[in-house]
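Scroll down for the structure; my scribbles are underneath it.
Just so you know, these numbers use all the heavy atoms, side chains as well, and skip hydrogens, waters and symmetry mates. No experiment lies behind these values; they were computed from the predicted model shown. By convention in this document, chain letters (A, B, ...) are assigned in the order of the sequence lines, proteins followed by strands, and residues within each chain are numbered from 1.
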Protein chains: 2
Amino acid sequence: MTRTPPTKPRKNALQARSRATVDALVEATARILVQEGFEKASTNRIAEVAGVSVGSLYQYFPSKEALVAAVIDRHNEEIMALVRAALTEVADLPIETAVRKLVTVAIEAHRIDPKLHRVLAEQIPRTGQLKDVEAFNREVHTLVRAYLESRRKEMRKIDPGLATFICVSTIEAVAHNTVLNHAEMLSEKTVRTLVDETTRMVVGYLR
Amino acid sequence: MTRTPPTKPRKNALQARSRATVDALVEATARILVQEGFEKASTNRIAEVAGVSVGSLYQYFPSKEALVAAVIDRHNEEIMALVRAALTEVADLPIETAVRKLVTVAIEAHRIDPKLHRVLAEQIPRTGQLKDVEAFNREVHTLVRAYLESRRKEMRKIDPGLATFICVSTIEAVAHNTVLNHAEMLSEKTVRTLVDETTRMVVGYLR
DNA sequence: AGGAAAAGCGAGCGAATGCTCGCATTATAT
DNA sequence: ATATAATGCGAGCATTCGCTCGCTTTTCCT
């Protein structure tokens, strides 16, 4: 049995001052992860950058992992907000429009903070946050699947679960590789072409 | 400037005994990564599992990273062997056949050692091996692109670089998610369905 | 056989890290 | 104003880890 460090807050921040401390710690963790890498993200350094003492850090976070987990959560919430909004928006629109929107949002989501995204993707398995991240993934699948099922008439006969799996995997991968490989060198035109092509592929597949 | 540890062998193993030592060390590193995780893969532990002293370890590997790099290299070579063979085999065959073969091989490649694959994917960025891994990626792209260009007649008018990017991303992602999510629970039938669907999507996109 | 080169050994050094604990400061309630 | 709770502090303990160095053993070559 490998002992997984706890990731839940030790106590809840009640007063304004302590809420600020917690925020500063999470923010500092994110900044260090992006600018200096995971190795440099020691609790001492995080506290230093946050302008807080190590002691205070351990008042609110039982372990280093808990801090990273908090950053992951924050980032995932940002992304999920985009995805949820997009899917609500296209709920009653035809497949072509919906897929295009989804692809666009996927790329946007990866562009929120590519460097943080990359570092987090690497660190997730070691934070015990895998379960939470999987929960987000499942939510995406559920939402997409619900949409696809509501649009069955426009589609060929196809297993909804399988279709969802393939569509989500594809869109996610294109967005991921686009942003992480081509870095910041992304013209508007390139993005539009990419969205067009991916949309064409997915829509062609569905019907 | 962050100092990246060297990853080249300190000296070359010449005699049979030392070659065995080197192999034992790489093998031990892989086993620990898979069974106990990156955290537990200390040089002392690696030497212990390999049945070798730390001193000997440092005769051949200048750093811990060098060991992980060796494991990555070995694994990548196995995968590339499969991919190269597949692409040679289908060089003169029509798109439908070629894509089906590629998808199949991609899944096979991920199934070689899923756990190792996962751990390595997480650890690659911190070993300075990113460049080598990118080289493999570029090779795949080059090979696929060459194939696609040789089959232009079967395809619609489409930018070869873009098509390659989308196809490789898609196939890789489906294989990756299939193996890593559904773990070992993969019936032959499931795999065949998945290959069929992915092939359909990619082929439909190309023409 | 004998000497040189190659390979192997492992106690332990120095540096870094996660985290605790006893105490100081600030906010809230009465 | 006083008491109580909440928050903040940071030196330092305990541990781990990467790696070195002086030495022994094995192999190779003539």
Side-chain angles (χ1 to χ4, degrees), chain A residues 2-29 32-33 36-71 123 126-128, chain B residues 2-29 32-33 36-71 123 126-128:
Chain A
T2 306
R3 189 163 272 280
T4 307
T7 52
K8 289 186 178 168
R10 193 159 265 189
K11 64 166 91 166
N12 287 351
L14 302 172
Q15 304 179 2
R17 184 169 53 135
S18 59
R19 255 177 277 127
T21 302
V22 170
D23 279 359
L25 285 167
V26 176
E27 185 55 37
T29 306
I32 294 175
L33 284 177
E36 311 179 29
F38 185 80
E39 330 291 342
K40 296 295 179 68
S42 71
T43 50
N44 287 312
R45 178 105 184 92
I46 291 171
E48 180 192 327
V49 169
V52 153
S53 86
V54 226
S56 298
L57 185 158
Y58 279 96
Q59 295 258 336
Y60 303 104
F61 298 94
S63 70
K64 181 187 168 178
E65 278 74 16
L67 272 160
V68 180
V71 176
Q123 300 309 333
R126 92 184 57 193
T127 53
Chain B
T2 307
R3 187 163 274 280
T4 308
T7 53
K8 288 188 179 168
R10 193 160 266 186
K11 65 166 89 164
N12 287 352
L14 303 172
Q15 305 178 2
R17 185 169 54 135
S18 59
R19 254 176 279 126
T21 302
V22 170
D23 279 358
L25 285 167
V26 176
E27 185 55 38
T29 306
I32 295 175
L33 284 178
E36 310 179 29
F38 184 80
E39 330 290 342
K40 295 294 178 69
S42 69
T43 50
N44 288 311
R45 179 106 184 92
I46 291 171
E48 180 191 328
V49 170
V52 153
S53 86
V54 225
S56 298
L57 184 158
Y58 279 95
Q59 295 258 334
Y60 303 104
F61 298 93
S63 71
K64 181 186 168 179
E65 277 75 15
L67 273 161
V68 180
V71 175
Q123 300 308 334
R126 93 187 55 193
T127 54

message: Nearest to the S63(A) side chain among dG8(D), dA7(C), dC19(C), which nucleotide is it?
response: dC19(C)
field: Comparing N44(B) and A20(B) on DNA chain C - which has the more 5′ nearest nucleotide
entry: A20(B)
- line: With sequence neighbours left out, the residues meeting side chain to side chain contact (heavy atoms under 4.5 Å, CB included) with S56(A) are V52(A), S53(A)
task: Check whether any side-chain N or O of S18(A) sits under 4.0 Å from OP1 or OP2 of dT7(D), and answer yes or no.
output: yes
query: When you check the phosphate oxygens OP1 and OP2 of dG18(D), does a side-chain N or O of T43(B) lie under 4.0 Å from one of them?
result: yes
message: For A28(B), give me all partners under side chain to side chain contact (heavy atoms under 4.5 Å, CB included), at least two apart in sequence or on another chain.
response: I46(B), V49(B), A50(B)
- prompt: Can you find a heavy atom in the side chain of F61(B) that is under 4.5 Å from one in the side chain of T43(B)?
  reply: no
Give each protein N/O atom lying under 3.5 Å from an N/O atom of nucleotides 21-29 of chain C, with the pair distance.
none

query: According to the salt bridge (charged side-chain N to carboxylate O under 4.0 Å, His left out) rule, which pairs have a member within residues 20-29 of chain B, sequence neighbours left out?
result: E27(B)-R74(B)
statement: Taking five pairs at each terminus, the helix from dA1(C)-dT30(D) to dT30(C)-dA1(D) shows an axis bend, to 10°, of 10°
message: Applying side chain to side chain contact (heavy atoms under 4.5 Å, CB included), can you list everything that pairs with S42(A), at least two apart in sequence or on another chain?
response: N44(A), R45(A)
- line: Of the candidates dC19(C), dG18(D), dC19(D), the side chain of V54(B) sits closest to dC19(D)
